[in-house]
Amino acid sequence: MNYLNSIDFAKQQDVLDPLRKYRDKFYIPQHDGGDTVYFTGNSLGLQPKSTQDYVLDELEDWANLGVEGHFHARKPWMPYHEQFAEPLARIVGALPEEVVAMNQLTVNLHLLLVSFYRPAGKRVKILCEAKAFPSDQYALESQVRFHGLNPDDVLIEICPREGEHCIREEDILAGIERHRDELALVLIGGVNYYSGQVFDMAGITAAGHRAGALVGFDLAHAAGNLRLELHAWDVDFACWCSYKYLNSGPGGVAGVFVHQRHLNQSTLNRFAGWWGHDKASRFRMEKGFVPMPTAEAWQVSNAPVLSMAAHKAALDIFTEVGMEALTAKSEKLTAYLEFILDEINKTLKSSPTRLEIITPRNIRQRGCQLSFLAHGRGKELFLSLQKKGVITDWREPNVIRCAPVPLYNSFEDVYRFGVYLSEALSI
Ligand SMILES: *Cc1c(COP(=O)(O)O)cnc(C)c1O
């Protein structure tokens, strides 16, 4: 596609965009009486305009029905979470019985590690990416200590090579091969939160399995951003949060995938609670845990209906749009941002400032996010963008992360971002 750095071109692309009408279904944060350029949907997705009604319905039913709402609410609370099986299965490429909405991301990671990190004999090691999101590092370290092992002996971190920002897939595969007799688990983020790099989940899973390890993914930056096929890729387990690309509100209810072959395994370790108990006999309140035959077996507590109402509002939009249409637009929108950044770089030729995109150029290795280093510049660049109503994310020492989200960002947003960035750079 031939892109142009002009407002007319951007507006024309918006007119041609089949998802154009969805921007109006979201509240866009305002700045000086106009829309911000909101590029932080990878951190907190925007609020659908429908969310308030979904949440209010539950508050009304609670006010009118009290405890009876469990059975008689318009969407009864007792089976409330069951509504998510189909839409989540479509988003992550799973069978409905393989997914469940529950808890928060890091909590879910812990619950899954209880079941799927089973160090035994020599097979104790966990292969992960260096500089994973800190919460994942803390979860892994504490799980390793929980088994009486030393994280320094057990965790194998795969780093980018000297002078590079992304991890080479061949280095992950070589790491798996090198430790093949000692590996218990491979756990990687499907998309690295910092670089925006997407990993070959199918290839990593196959390599992990060949080495005799289980393979899990943290999909915080992948769910709602990429087309996923967790079941077909044979992934053992995965978890994600819903407040980033899934637009379900701050601290919203998270999600879990457990491959079919691990369901109905009564010998698996788990930290159990009543909501994971077989629902047919749950209310007999008897001794002896009988797991649900689905991923719901990992549930611990009863469902947080208010946060799930917001999740429902957001997922109804995903169901309507579908990941295929979303990713088709996403590829174009992010390629436009890449083009604009390259154009700006051309104008910087003689200055010490230079923008270096660290996210892979290959569209199969990225989702909607682009991260770039602003060489020769510091946080003042980010702050001056902020003053102009551009909301991006800053990471020390000089990385700006931008996520044009196909559901609500426009080509005009990307064009305006380029204008504001050029202005901020020429100060
Ligand atoms: C956003 C994010 C988290 C946040 O964890 P919470 O438990 O939802 O607070 C964890 N891991 C990754 C990779 C993330 O991107």
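As the structure lists them, so they are numbered: ligands from 1, and atoms in each ligand from 1.
When only interatomic distances are considered, the shortest N/O to N/O separation between Ser135 and ligand 1 does not fall below 3.5 Å. Checked against a 3.5 angstrom limit, the closest N/O atoms of Gln104 and ligand 1 fall outside it.
Selection from Trp240, Phe133, Tyr193 by nearest heavy atom to atom 13 (C) of ligand 1 gives Phe133.
With no hydrogens or angles considered, a side-chain donor-acceptor pair links His209 and Asp236 at under 3.5 Å. For Tyr3 and Glu338, the side-chain atoms include no donor-acceptor pair closer than 3.5 Å. For the residue pair Glu412 and Ser410, no side-chain donor N or O sits within less than 3.5 Å of a side-chain acceptor on the partner. In this model, a donor atom of one side chain and an acceptor atom of the other lie less than 3.5 Å apart for Asp35 and Gln30.
Ring planes of Tyr408 and Phe26: tilted class, angle from 30 to 60°.
Looking only at protein heavy atoms, the nearest one to atom 4 (C) of ligand 1 is Tyr243 OH, 3.1 Å. Here the heavy atom of the protein found nearest to atom 2 (C) of ligand 1 is Lys244 NZ, 2.5 Å. Nearest protein heavy-atom contact of atom 11 (N) of ligand 1 is Asp136 OD1, 2.6 Å.
In Thr106, the parts holding a heavy atom less than 4.0 Å from any atom of ligand 1 are both the side chain and the backbone. Of all the heavy atoms of Leu105, the ones lying under 4.0 Å from any atom of ligand 1 are found in both the backbone and the side chain.
Ion pairing between a basic and an acidic side chain is recognised when a charged N comes within 4.0 Å of a carboxylate O; Asp57 and Lys312 show no such pairing.
Screening Glu129, Gln369, Arg366, Gln197 for a side-chain hydrogen bond (donor to acceptor under 3.5 Å, both in side chains) with Asn192, the sole residue that qualifies is Glu129.
Residue contact check: Asp218 has heavy atoms under 4.0 Å from atoms 11 (N), 12 (C), 13 (C) of ligand 1.
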